[in-house]
Amino acid sequence: MAAVSLDVPQIMNYIGGIWQAVKESRGVINPATGETIVQVPLSGTDSVEEAVKAAKKAQQDWRLVPAPQRAEVLYRVGFLMKERKERLSQLLTMENGKVIEEARGEVQEGIDMAYYMAGEGRRLFGQTTPAELKDKFAMSNRVPVGVVGLITPWNFPIAIATWKSFPAILAGNAVVWKPATETPIMAYELAKIFEEAGLPSGVLNVVFGSGSAVGEAMVQHKEIRVISFTGSNDTGRSIAEKCGKQLKKVSLEMGGKNAVIVMDDADLQLAVEGILWSAFGTSGQRCTACSRVIVHEKVKQDLEERLLAAMDKLTIGNGLDESVKVGPIINQTGIDKIKEYIEIGKDEGAILLTGGQQVIDDDHKDGFYFAPTLFTDVTANMRIAQEEIFGPVVSIIPVKSFDEAVEMNNGVEYGLSSSIFTNDVNQVFRAQRDLDTGIVYVNAGTTGAEIHLPFGGTKGTGNGHRDSGVQALDVFTEWKAIYVDYSGKLQRAQIDVES
Ligand code: UN1
C-alpha cells in the first residue's frame with residue numbers, strides 16, 4: 001500500500017531557519033495499524049522563547065518586502081506542494097488515518113490556498129476615500145500585526161495550517177506555529193517546503209509539543225499579538241479568557257453539530273449520498289461533519305431504509321487501500337468518547353439502527369475503528385442531538401414542517417455548517433436566510449468548503465472571525481488610517497470645514 005516514507009526518524013523543531021531536536025519526544029501512532037511511525041518533539045517553553053525571538057527579528061525585514069514578492073514564496077510553496085501531492089497525501093493518511101482520496105483532497109485544499117493567497121499579494125486592498133477638508137488625502141491600508149501564534153488540529157493537519165499560515169505570512173507577519181502532536185508529519189513537510197521555497201529564516205517557526213507547555217507559553221507570550229486556534233471548545237474558551245486579559249486578538253474555530261435537513265420533496269437518493277459523504281467521510285472527525293439528519297416525517301422511513309442499505313456497503317479499513325471508504329478514528333481516546341455517546345444515546349431512549357461498536361475483528365484489531373452508526377427517533381433535547389461527538393455517529397430527528405426543521409437546526413449551541421435537500425426554490429431562499437450557521441449548503445452535504453470563501457461559524461463555533469477567504473486577512477492585519485494634508489496650513493478636522 002504505502003509507497004512513501006519519511007526521510008527522518010525524528011521530527012525536529014524549525015526555529016530561525018534551523019532544524020532543532022529537543023530532549024523529550026513521543027511516538028506518533030498510525031491510527032490504521034497502531035504502529036509507531038515517527039517521534040515528535042515535546043518542547044519546553046524555552047523553545048517558544050527562542051522561536052518568538054527569531055520571529056521578531058525576521059519580521060522586521062519581512063514586513064518591508066513588497067507583498068507581491070512575499071507572494072512569490074507562496075506560489076513556489078504551491079508548486080512544491082503540487083509536485084509532492086501524492087507523497088504528502090500518503091503521509092497524511094498514515095498519520096491521520098483519513099482515506100487516501102480525502103487526503104488528496106485535503107492536500108489540494110492547501111495548494112488552492114497557496115495560489116489564492118499568493119494572488120492577494122497584488123491586492124491586499126485598502127481604501128482611498130475623500131477627506132472632509134480641501135487639499136487633504138485620506139486612505140486606509142492593512143499592516144501586519146507582528147508575530148502571530150498558530151495552534152492547529154490533527155483532523156486537517158495541512159489544510160488548516162495553510163488557511164492560517166499563508167495569509168499570516170503573505171500579510172508580512174512572522175509565525176510561531178504549534179501543530180497537533182498527533183500529526184506532526186504534515187507540519188514538518190510544510191516547513192521543509194517553505195524552506196525550499198526560499199522563505200527567509202525566522203518568518204516561519206514550528207515548535208512541536210503539548211498544549212499545556214508550548215500552547216500555554218504562546219498564549220501567555222507578550223510578543224505574540226494574535227492567536228489563531230482551531231480545536232476543541234474547552235481549549236478555545238480557555239485561550240480566549242487568557243487572551244482577553246492581555247487584550248490579545250484571538251481567532252477561534254471550534255465545534256459543530258451540523259445538520260442535513262431533508263424535506264419531503266427532496267431527491268432522496270441524492271440526500272443519502274450527501275449524508276453518507278458528510279457524516280462518514282473522515283470518519284465523522286470534521287468540524288463540518290453531519291451528525292444530525294432532520295427529516296420530514298413523510299419521508300423518514302424511506303430515507304432510513306435507503307441510508308441503512310448504503311451504510312451496509314461502506315468498507316472500513318486502512319485508508320491507504322483505495323477501496324476503503326471509512327478510515328480509523330485518531331486514537332483510543334477518540335473511540336472511548338464515541339462509545340460513551342453511544343451509551344448516552346441508548347439511555348436517552350434513541351433507537352440504534354446500526355453500528356454503535358468499535359470494530360475489533362482480525363483485520364481491524366490493531367487500529368482504532370468504529371462502525372458507522374445511525375440512531376433514530378432522536379429528539380431535540382437529547383445530548384446526542386446537542387453535543388459534538390467527533391465520530392461516525394448520525395442522529396435522525398423527525399419534524400413536521402420546514403419551520404420546525406429550521407428551528408431544530410438552530411436549536412444547538414454551535415453554528416458551523418448546515419444543509420438542506422429540497423427542490424422548492426422558496427424553501428431554498430428561506431433556508432439560506434434563516435439557517436443560523438456560517439456555512440449553508442443546498443442539495444449537498446455539510447462538508448466541502450472552498451478556500452476562497454470565509455470558513456467559520458456562529459454562536460459557540462467561534463468568536464466572530466473567519467479562516468480562509470479574504471476574511472482571513474482580518475485576523476492577521478491591523479487597519480491603518482492615513483491622512484496627508486497638502487494644504488500647507490493647519491486644517492482642523494470637524495472644525496475648519498466650510499459649511
Ligand atoms: C474541519 O473540519 O475542521 O469543509 C475543516 C470541509 C473541509 C474543511 C473541514 N474543506 O469539510
Side-chain angles (χ1 to χ4, degrees), residues 102 105 109 253 255-300 302-304 306-307 310-311 372 374-376 378 380 384-386 388-390 392-399 401-451 453-462 466 468:
E102 289 183 44
E109 202 165 334
E253 197 53 64
K257 191 68 193 173
N258 315 296
V260 167
I261 297 172
V262 183
M263 294 308 298
D264 50 348
D265 70 320
D267 175 339
L268 286 192
Q269 207 44 42
L270 183 63
V272 165
E273 283 171 35
I275 294 164
L276 235 55
W277 177 239
S278 56
F280 305 124
T282 331
S283 301
Q285 302 169 104
R286 289 191 188 216
C287 314
T288 52
C290 160
S291 65
R292 296 183 294 157
V293 171
I294 299 168
V295 61
H296 195 289
E297 59 180 9
K298 280 192 198 149
V299 291
K300 172 177 176 269
D302 195 353
L303 185 79
E304 277 172 11
R306 289 172 192 246
L307 265 175
M311 286 171 70
L374 195 59
F375 275 113
T376 195
V378 174
I384 56 165
Q386 290 288 334
E388 189 176 46
I389 301 173
F390 230 59
V393 181
V394 175
S395 293
I396 296 188
I397 308 172
V399 289
S401 66
F402 172 84
D403 289 341
E404 201 192 335
V406 171
E407 197 184 316
M408 191 67 74
N409 178 78
N410 295 348
V412 291
E413 120 183 55
Y414 299 108
L416 183 54
S417 179
S418 58
S419 130
I420 182 163
F421 282 84
T422 177
N423 288 313
D424 176 337
V425 69
N426 296 343
Q427 278 182 170
V428 168
F429 275 86
R430 268 190 256 140
Q432 61 82 25
R433 182 192 61 194
D434 295 340
L435 293 171
D436 187 5
T437 53
I439 306 170
V440 175
Y441 291 93
V442 175
N443 291 331
T446 56
T447 61
E450 301 179 21
I451 56 85
L453 280 84
F455 183 94
T458 59
K459 301 187 281 186
T461 290
R466 292 293 183 265
S468 86

So which heavy atom on A444 is nearest to which on S419, and how close? O-OG, 2.8 Å
Listed partners of N423 passing side-chain hydrogen bond (donor to acceptor under 3.5 Å, both in side chains), at least two apart: none
Can you give me the closest heavy-atom contact between F402 and I420, atom names plus distance? CE1-CD1, 3.8 Å
Any donor-acceptor pair under 3.5 Å linking the side chain of S278 with the backbone of T447? no
Donor-acceptor contact below 3.5 Å, side chain N409 vs main chain I261: no
Could I get the full list of salt bridge (charged side-chain N to carboxylate O under 4.0 Å, His left out) partners for E102, not counting sequence neighbours? R286
Does NZ or CZ of R466 come closer than 6.0 Å to the centre of the six-membered ring of F455, within 45° of the ring's axis? no
Checking L303 against H296 for the side chain to side chain contact (heavy atoms under 4.5 Å, CB included) test, could you report, in this order, the C-alpha distance in whole Å, the side-chain angles of both residues, the deciding distance, and whether it holds? CA-CA 10 Å; L303 185 79; H296 195 289; over 6 Å; no
Partner residues of S291 under the side-chain hydrogen bond (donor to acceptor under 3.5 Å, both in side chains) criterion, sequence neighbours left out: K257
Once salt bridge (charged side-chain N to carboxylate O under 4.0 Å, His left out) is applied, do any residues pair with E109, and if so which ones, sequence neighbours excluded? none
Kindly compute the distance separating CG (N258) from OH (Y441), expressed to the nearest 0.5 Å. 9.5 Å
In short, salt bridge (Lys or Arg N to Asp or Glu O under 4.0 Å) pairs touching residues 407-420 with sequence neighbours left out are R237-E413
Residue set satisfying side-chain contact (heavy atoms from CB on, under 4.5 Å) with R306, at least two apart, ordered chain then number -> L268, Q269, V272, D302
Tell me, do V262 and V293 make a side-chain contact under 4.5 Å, heavy atoms counted? yes
With a 4.5 Å limit on heavy-atom distance, are the side chains of E253 and L416 in contact? yes
Salt bridge (Lys or Arg N to Asp or Glu O under 4.0 Å) contacts in which one or both residues fall within residues 414-427, not counting sequence neighbours: none
Any donor-acceptor pair under 3.5 Å linking the side chain of Y414 with the backbone of Q386? no
So do the side chains of F375 and I396 get within less than 4.5 Å of each other, counting heavy atoms only? no
For the backbone of L453 and the side chain of S468, can you confirm whether one donor and one acceptor N or O come within less than 3.5 Å of each other? yes
Closest approach of V260 and C290, non-hydrogen atoms and distance? CG2-SG, 3.7 Å
Any donor-acceptor pair under 3.5 Å linking the side chain of S417 with the backbone of T446? yes
Sequence neighbours excluded, which residues qualify as side-chain contact (heavy atoms from CB on, under 4.5 Å) partners of A380? M408
Sequence-distant partners of D434, side-chain hydrogen bond (donor to acceptor under 3.5 Å, both in side chains), two or more places apart: none
Can you list everything that forms a side-chain contact (heavy atoms from CB on, under 4.5 Å) with S283? Sequence neighbours excluded, please. Q285, V326, I329
Can you find a pair of side-chain heavy atoms, one from E304 and one from K300, that are under 4.5 Å apart? yes
May I have all residue pairs that pass salt bridge (Lys or Arg N to Asp or Glu O under 4.0 Å) and include part of residues 267-280, sequence neighbours excluded? none
I'd like to check the side-chain contact (heavy atoms from CB on, under 4.5 Å) partners of T458; sequence neighbours left out, ordered by chain and number. D436
Here the pair of heavy atoms bringing V393 nearest to F280 is N-CE2, 4.4 Å
Can you tell me if K459 has over 12 outside heavy atoms packed within less than 6.0 Å of its NZ? yes
Any chance the side chains of D265 and T422 put a donor and an acceptor closer than 3.5 Å? yes
Between R292 and V394, is there a side-chain heavy-atom distance shorter than 4.5 Å? no
For I439 versus T437, what's the shortest heavy-atom pair and its separation? O-OG1, 2.8 Å
Least distance between heavy atoms, A385 atom then V378 atom: CB-CG1, 3.7 Å
